[in-house]
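Note: hydrogens, waters and symmetry copies are ignored here, and every other heavy atom, side chains too, is used.
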Amino acid sequence: RDAWFTIVAATAWASAALSAAAYSSWLSWMSALVPQNARGQFFGTRQRYLTGALIAADLIGAALVSQRTGNYQTGYAWLALSALVLGLVSITLLSRVPDVELAPTAARSATSQEGFRRAPRAAIARIFENRDFRKLVLFGGAFNFALQTAAPYFTYYFTKELAIPM
C-alpha cells in the first residue's frame, strides 16, 4: 500500500516538474508557428476541443476506475495505460510539425511590456474587449468553480463508494 502511494506521488511530481519545464518552450514554439493575427481564433478553437476532450476523458476515466470486474487498481491501471498511449500519439503528431526560424521580436516585446507597465488597467481592459474571449473566460471560470467545488467530495466517494483504502 505504501509503495502504491509512493509510485503515484512520484509520478505526479515528475509530471508536474516536466510540464513546468516544457511550458516555456512550448509557448515560444506556438508563438513562432501561429501568426499573431490568427492566435485568438487558433487558441480559441484549440481550447474548445481540449475542453470537450477533457470532459470526455473524465467520463471515460470514471467508467474505467469504477468498473467492478476487478479491484480499483485495475481501473487505474487501464487509465494509466490509456494516458500513456495517448501521450505517445500526441508526441508522434507534434514531431511532424515543422520547425520555423524565429524572427526577432525584442522590439515588439519591449513595446508591449512598456505599455503594460505604464497602464496595466488599460492593457487588461483591452484584452476583455473581445466578446468571445469574455465568454471563454466566463465558461472557464464556471468550469473551474464547479471542479473546485466538487473536488473535496472525491475523497469521500473514493473511500466510501469505491471502498479504496486510505
Side-chain angles (χ1 to χ4, degrees), residues 1-31 33-34 38-97 116 120-121 123-166:
R1 190 171 109 166
D2 290 336
W4 177 256
F5 175 77
T6 303
I7 291 170
V8 170
T11 303
W13 179 87
S15 174
L18 292 172
S19 294
Y23 181 72
S24 60
S25 298
W26 182 85
L27 185 60
S28 175
W29 187 32
M30 290 297 108
S31 295
L33 288 176
V34 181
R39 287 182 190 160
Q41 178 70 31
F42 176 84
F43 287 108
T45 302
R46 177 185 177 273
Q47 189 64 36
R48 181 178 2 161
Y49 288 124
L50 283 175
T51 302
L54 174 65
I55 292 169
D58 285 345
L59 295 173
I60 292 169
L64 287 172
V65 170
S66 65
Q67 68 179 344
R68 298 293 181 197
T69 59
N71 57 16
Y72 68 94
Q73 291 164 335
T74 305
Y76 280 114
W78 279 110
L79 194 61
L81 181 64
S82 301
L84 176 68
V85 169
L86 292 173
L88 292 173
V89 168
S90 175
I91 289 170
T92 302
L93 293 174
L94 282 175
S95 71
R96 295 180 181 173
V97 175
F116 185 79
R121 285 188 183 173
I124 293 172
R126 200 169 48 246
I127 293 170
F128 287 98
E129 288 175 356
N130 186 319
R131 182 174 174 263
D132 291 333
F133 181 73
R134 285 195 313 265
K135 290 185 339 188
L136 174 69
V137 169
L138 182 63
F139 174 77
F143 186 81
N144 282 317
F145 176 78
L147 184 64
Q148 296 302 322
T149 302
Y153 301 101
F154 292 158
T155 304
Y156 177 83
Y157 177 74
F158 286 161
T159 56
K160 299 299 180 189
E161 298 297 321
L162 298 179
I164 297 175
M166 290 288 289

Just verifying a value: how many Å separate [X] [atom1] and [Y] [atom2], rounded to the nearest 0.5 Å?
X	Y	atom1	atom2	value
F154	L147	CZ	CG	5.5 Å
F42	Q47	CZ	CD	11.5 Å
K160	Y157	NZ	OH	14.5 Å
T149	N144	OG1	CG	10.0 Å
R39	L33	CZ	CG	10.0 Å
L136	T51	CG	OG1	7.5 Å

I need the full list of salt bridge (charged side-chain N to carboxylate O under 4.0 Å, His left out) pairs touching residues 135-146, with sequence neighbours left out, sorted by first then second residue. D132-K135

Under a 3.5 Å distance rule, please check whether T159 uses its side chain to pair with a backbone N or O of T155 as donor and acceptor. yes

Any donor-acceptor N/O pair, S15 side chain to T11 backbone, under 3.5 Å: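 No, because the side chain of S15 does not come within donor-acceptor range (under 3.5 Å) of the backbone of T11.
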
Shortest non-hydrogen contact from E129 to R134? O-NH1, 3.2 Å

Residues that V137 engages under side-chain contact (heavy atoms from CB on, under 4.5 Å), provided they are two or more places apart: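 With neighbours one apart ignored, the set is F128, F133.
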
